[in-house]
Student: 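The structure follows.
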Amino acid sequence: MKIATWNVNSVKARKDRLLAWLATHEPEIVCLQELKTTDEAFPRQEVEASGYEAIVFGQKTYNGVAILTRMGSSEVKYGMNDEHEDDEARIVSARIANIRILSVYVPNGKATDSDKFIYKLQWLRRLQAYLQREVTPEEPVCLCGDLNIAPDERDVARPEEWKDSVLCVPPVREAFAELIGWGLVDVFRQHHAEGGKYSWWDYRMLGFPKNNGLRIDHVLATRALAEACSHVAIDRNERKGKKPSDHAPVVATFDWNG
DNA sequence: ATGGTTGCTTAGCAA
């Protein structure tokens with residue numbers, strides 16, 4: 001069983017690529033981020049015609065997350081549902097194959113001296129609280145998404161250039177470590193200790209041609225599920241060619257019967 | 001070749 005995550009950077013701009021990718025790879029579960037569209041404008045019919053149910057938490061212009069699945073889903077939850085006022089669509093969750101699946105788009109944070117960075121750190125604390133409230137490390141949980149965090153130097157092509165960025169600074173890496181500490185395993189790292197593999201390259205400054213990348217898109221699984229993970233790959237080819245997203249999909253394969 | 005983004009929305013913001 002394959003579980004994928006992909007920040008598509010506008011599902012409308014990426015529709016043809018998304019449908020072709022689904023047809024080629026046929027993952028059972030796909031978590032999408034940065035839909036940049038409302039529920040109404042999501043290409044639901046075409047996705048369903050490809051064999052997928054679409055669980056969509058959209059937003060006009062910015063953000064928006066979804067879960068696509070070829071299996072049955074239940075217990076769908078939209079948003080964080082905590083005490084904070086928040087109109088940003090950044091998390092959606094469902095039970096699929098007896099796994100609690102979360103599709104997450106962590107705020108980028110813009111710059112470390114900005115209000116958006118405060119919001120990023122607060123949002124990561126809220127995510128930690130969400131896990132503690134909604135699930136346990138003893139059950140099968142798979143948190144997928146654009147976390148906008150490169151966990152360590154192995155995940156950054158040019159560590160010196162990026163060390164002060166919102167993707168790398170200590171507070172965000174500590175937040176990532178807290179997710180791991182709660183009971184999640186970075187299944188990509190589990191199979192690729194060597195590093196040097198990236199999931200995002202800036203459109204600007206020839207980021208991809210120069211391979212100036214970072215690994216900021218993640219599949220995190222609780223222990224029992226992580227033990228069933230046989231391999232993980234970043235589909236770097238999807239970043240090539242005409243009109244790619246700036247993110248590549250990450251695909252994790254599990255020996256899992258649900 | 002001596003620079004070099006994309007998407008949404010419509011000039012500016014976000015990433």
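Fair warning: this is a prediction, and the values are worked out from it, not measured in the lab.
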Student: How many whole angstroms separate atom CD of A/Gln33 from atom P of B/dA15?
Tutor: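 Roughly 14 Å, once rounded to whole Å.
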Student: Looking at B/dA15, I'd like to know if its phosphate oxygens (OP1 or OP2) sit under 4.0 Å from a side-chain N or O belonging to A/Lys36.
Tutor: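 It does not, given that no N or O in the side chain of A/Lys36 lies less than 4.0 Å from OP1 or OP2 of B/dA15.
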Student: Select from A/Tyr203 and A/Thr61 the residue whose nearest nucleotide in DNA chain B is closer to the 5' end of that strand.
Tutor: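 Result: A/Tyr203.
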Student: Look at the side chain of A/Arg90 and decide which nucleotide, out of B/dG4, B/dT6, B/dA15, has an atom nearest to it.
Tutor: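 Comparing B/dG4, B/dT6, B/dA15 against the side chain of A/Arg90, the answer is B/dA15.
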Student: Would you measure the distance from the P atom in B/dC8 across to the matching atom in B/dG4 and give it in whole Å?
Tutor: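 Here B/dC8 and B/dG4 have their P atoms 23 Å from each other.
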Student: Starting at the 5' end of DNA chain B, which residue's closest nucleotide do you reach first, A/Asn148 or A/Pro244?
Tutor: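 Nearer the 5' end of the strand: A/Pro244.
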Student: Could you state the atom-to-atom distance from CE of A/Met205 to C1' of B/dG3 in whole Å?
Tutor: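 About 9 Å, once rounded to whole Å.
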Student: Could you check how far CG of A/Leu206 sits from C1' of B/dT2, rounded to whole Å?
Tutor: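 Result: 12 Å.
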Student: Has A/Lys116 got a side-chain N or O lying under 4.0 Å from the OP1 or OP2 atom of B/dA14?
Tutor: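 It does, given that an N or O in the side chain of A/Lys116 lies less than 4.0 Å from OP1 or OP2 of B/dA14.
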Student: Calculate the interatomic distance between A/Asn7 atom CG and B/dG7 atom P; express it in whole Å.
Tutor: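 Taking atom P of B/dG7 as the reference, CG of A/Asn7 is at 12 Å.
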Student: When rounded to the nearest Å, what value does the distance between C1' atoms of B/dT6 and B/dT10 take?
Tutor: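 Those two atoms are separated by 15 Å.
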Student: Round to the nearest Å and state the distance from A/Arg17 atom CZ to B/dG7 atom P.
Tutor: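 Rounding to the nearest Å, CZ of A/Arg17 and P of B/dG7 are 10 Å apart.
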Student: OP1 or OP2 of B/dG7 sitting under 4.0 Å from any side-chain N/O of A/Arg14?
Tutor: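 For B/dG7, OP1/OP2 do have a side-chain N/O of A/Arg14 under 4.0 Å.
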Student: Among the candidates B/dA15, B/dC8, B/dG4, find the nucleotide nearest to the side-chain atoms of A/Lys210.
Tutor: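 The closest nucleotide is B/dG4.
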Student: Are a donor atom and an acceptor atom from the side chains of A/Glu238 and A/Ser245 found within less than 3.5 Å of each other?
Tutor: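 No donor-acceptor contact under 3.5 Å links the two side chains.
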Student: Any donor-acceptor pair under 3.5 Å linking the side-chain atoms of A/Trp21 with those of A/Asp235?
Tutor: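 Yes, a side-chain donor-acceptor pair sits under 3.5 Å.
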Student: What does A/Tyr105 touch in the nucleic acid at a heavy-atom separation under 4.0 angstrom: a base, only the sugar-phosphate, or nothing?
Tutor: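 Touches sugar-phosphate only.
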Student: Tell me: CD of A/Gln59 to C1' of B/dC8, nearest whole Å?
Tutor: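 Nearest whole value for this atom pair: 12 Å.
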Student: Parallel, tilted or perpendicular, judged at 30° and 60°: which one describes the rings of A/His192 and A/Phe188?
Tutor: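 A/His192 vs A/Phe188 ring planes: parallel.
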Student: Rounded to the Å, how far apart are A/Asp202 CG and B/dG7 P?
Tutor: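 Whole-Å distance recorded here is 13 Å.
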Student: Could you verify whether a donor N or O on one side chain and an acceptor N or O on the other, from A/Glu139 and A/Thr222, lie under 3.5 Å apart?
Tutor: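 No, no side-chain donor-acceptor pair sits under 3.5 Å.
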Student: Please give the distance between the P atoms of B/dG7 and B/dG3 as a whole number of Å.
Tutor: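 The same atom, P, in both gives a distance of 25 Å.
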Student: Among B/dC8, B/dA14, B/dT5, which nucleotide has an atom closest to any side-chain atom of A/Arg204?
Tutor: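 Given the options B/dC8, B/dA14, B/dT5, the side chain of A/Arg204 is closest to B/dT5.
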Student: Under 3.5 Å, is there a donor-acceptor pair between the A/Asn108 and A/Lys120 side chains?
Tutor: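 There is no such pair (donor and acceptor under 3.5 Å, judged by atom type) between the side chains of A/Asn108 and A/Lys120.
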Student: Round to a whole Å and report the spacing from NZ of A/Lys60 to C1' of B/dC13.
Tutor: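 Rounded to whole Å, this separation is 14 Å.
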